[in-house]
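Both ligands and their constituent atoms are indexed starting at 1 by order of listing.
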Amino acid sequence: MAILDIVKYPETVLAEPTNPVENFGDELRQLADDMVATMHAAPGIGLAAPQVGRSERICVVDLSVGETDDDLMVLVNPRVIEEEGTVRDEEGCLSFPDLMLVVPRPERVVVEAQDLEGNPLQIEGEELLARCLHHEIDHLDGVLFIDRVSPLKRDLARRKIKRRIRADDW
Ligand code: K1U
Ligand code: ZN
């Protein structure tokens, strides 16, 4: 397993929609293993392929950050098929170090995906799991958390990031 570099905003790969996975084999398993190791090392509770510079539609989620095996999910070709309610809460993103934003997300989601063998999966998540699944699937569509806040807050966040890039603090 390798710990991969996490791509930071404004790298273009973060804004590009991913491609559906068609080949379920050793290369995909290797990518998933490396993404899990990278998420745990960060540490984070989720990670999507564009955040490690890849364009496959795959993400990993683990609300326990490696504490228990039971919470780990590897989702191939995930998509939200149902969503309910809206909650505004603070969240981070590993591609935006030390930036927290209040983002509206569904309170509950149902996600359809495949596992690493290509078998169908369905996951229902509420609260933090719903937020994390929605955030990761957004990454796979090239959507970032700054895209989900008001233009004013987005502009403020972009200014802060520009300042931090200039100060070599990004
Ligand atoms: O996709 C990412 O950038 C990872 C991101 C996922 C996420 C967090 C919170 C709400 C929605 C999506 C993170 O994991 S940020 C780090 C984080 O939340 C965390 C880190 C260590 C322990 C607990 C949480
Ligand atoms: Zn993120």
Side-chain angles (χ1 to χ4, degrees), residues 1-19 21 31-80 82-111 113 123-150 153-154 156-158 160-161 164-165 169-170:
M1 271 195 298
I3 293 173
L4 309 173
D5 287 337
I6 295 182
V7 168
K8 289 181 207 161
Y9 177 85
E11 290 276 338
T12 50
V13 66
L14 293 173
E16 290 162 0
T18 50
N19 304 313
V21 170
L31 173 60
D33 284 351
D34 291 348
M35 286 176 61
V36 170
T38 306
M39 168 180 66
H40 287 157
I45 56 172
L47 190 72
Q51 296 182 281
V52 292
R54 301 284 295 249
S55 57
E56 293 93 334
R57 194 167 179 88
I58 178 171
C59 66
V60 295
V61 168
D62 182 2
L63 294 196
S64 85
V65 201
E67 284 299 307
T68 67
D69 287 346
D70 300 351
D71 286 354
L72 179 63
M73 295 176 211
V74 176
L75 303 177
V76 182
N77 297 327
R79 62 190 184 101
V80 176
E82 247 182 79
E83 54 178 76
E84 205 181 297
T86 307
V87 180
R88 283 170 185 74
D89 206 350
E90 207 171 54
E91 64 182 54
C93 177
L94 296 175
S95 297
F96 293 76
D98 302 318
L99 182 75
M100 299 293 287
L101 293 174
V102 175
V103 181
R105 301 258 181 213
E107 195 173 13
R108 173 183 164 271
V109 293
V110 180
V111 170
I123 295 143
E124 186 185 333
E126 292 183 3
E127 301 171 356
L128 183 57
L129 180 57
R131 176 165 294 275
C132 190
L133 289 166
H134 200 260
H135 178 116
E136 300 313 327
I137 293 171
D138 262 0
H139 272 301
L140 299 177
D141 292 329
V143 175
L144 299 172
F145 74 159
I146 52 164
D147 299 322
R148 292 204 175 266
V149 300
S150 69
K153 291 206 172 121
R154 184 159 53 243
L156 213 65
R158 284 198 183 124
K160 268 191 203 165
I161 294 165
R164 285 184 52 196
I165 292 172
D169 177 33
W170 187 245

Judged on heavy-atom distance to atom 6 (C) of ligand 1, which of Glu136, His134, Glu91, Met100 sits nearest?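 Answer by nearest heavy atom: Glu136.
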Check whether any side-chain heavy atom of [X] lies under 4.5 Å from a side-chain heavy atom of [Y], and answer yes or no.
| X | Y | result |
| --- | --- | --- |
| Asp141 | Pro17 | no |
| Asp138 | Leu144 | no |
| Val149 | Val102 | no |
| Thr86 | Glu107 | no |
| Asp89 | Arg105 | no |

Show your reasoning for whether salt bridge (Lys or Arg N to Asp or Glu O under 4.0 Å) applies to Glu83 and Arg108. CA-CA 6 Å; Glu83 54 178 76; Arg108 173 183 164 271; over 6 Å; no
Please list the nearest protein heavy atom to [atom] with its residue and the distance rounded to 0.1 Å.
| atom | answer |
| --- | --- |
| atom 4 (C) of ligand 1 | Gly46 O, 3.1 Å |
| atom 5 (C) of ligand 1 | Gly92 O, 3.9 Å |
| atom 14 (O) of ligand 1 | Ile45 N, 2.8 Å |
| atom 22 (C) of ligand 1 | Val65 CG2, 3.8 Å |

Is [X] in polar range of ligand 1, meaning some N or O pair under 3.5 Å apart?
| X | value |
| --- | --- |
| Arg131 | no |
| Leu94 | yes |
| Gly44 | no |

If we only look closer than 2.8 Å, how many protein N, O or S atoms does the Zn ion (ligand 2) have near it?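 For the Zn ion (ligand 2), protein nitrogen, oxygen or sulfur atoms under 2.8 Å: 3.
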For Cys93, atoms of ligand 1 separated by under 4.0 Å from a heavy atom: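 That gives atoms 3 (O) of ligand 1.
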Within ligand 1, which atoms have a heavy atom of His139 less than 4.0 Å away?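 It comes down to these atoms of ligand 1: 1 (O), 3 (O).
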For a quick test of reading the model, state the closest non-hydrogen atom pair linking [X] to [Y] and the distance between them.
| X | Y | answer |
| --- | --- | --- |
| Ile45 | Met39 | C-SD, 3.6 Å |
| Arg148 | Pro104 | O-CD, 3.4 Å |
| Ala42 | Ile6 | CB-CD1, 4.1 Å |
| Met35 | Cys59 | CE-CA, 4.0 Å |

Would the distance check show the side chain of Ser95 and the main-chain N or O of Val7 forming a donor-acceptor pair, the cut-off being under 3.5 Å?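 Yes, the answer is positive, given that a donor and an acceptor are paired below the 3.5 Å cut-off.
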Would you tell me whether Asp62 and Ser64 have side-chain atoms, one donor and one acceptor, within less than 3.5 Å of each other?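 The answer is yes; a qualifying pair exists.
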Which segment of Gln51 sits under 4.0 Å of ligand 1 when only heavy atoms are counted: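 Side chain only; the backbone of Gln51 stays clear of ligand 1.
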Quick one: does Pro43 get within less than 4.0 Å of ligand 1, heavy atoms only?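 Distance cut 4.0 Å: Pro43 passes for ligand 1.
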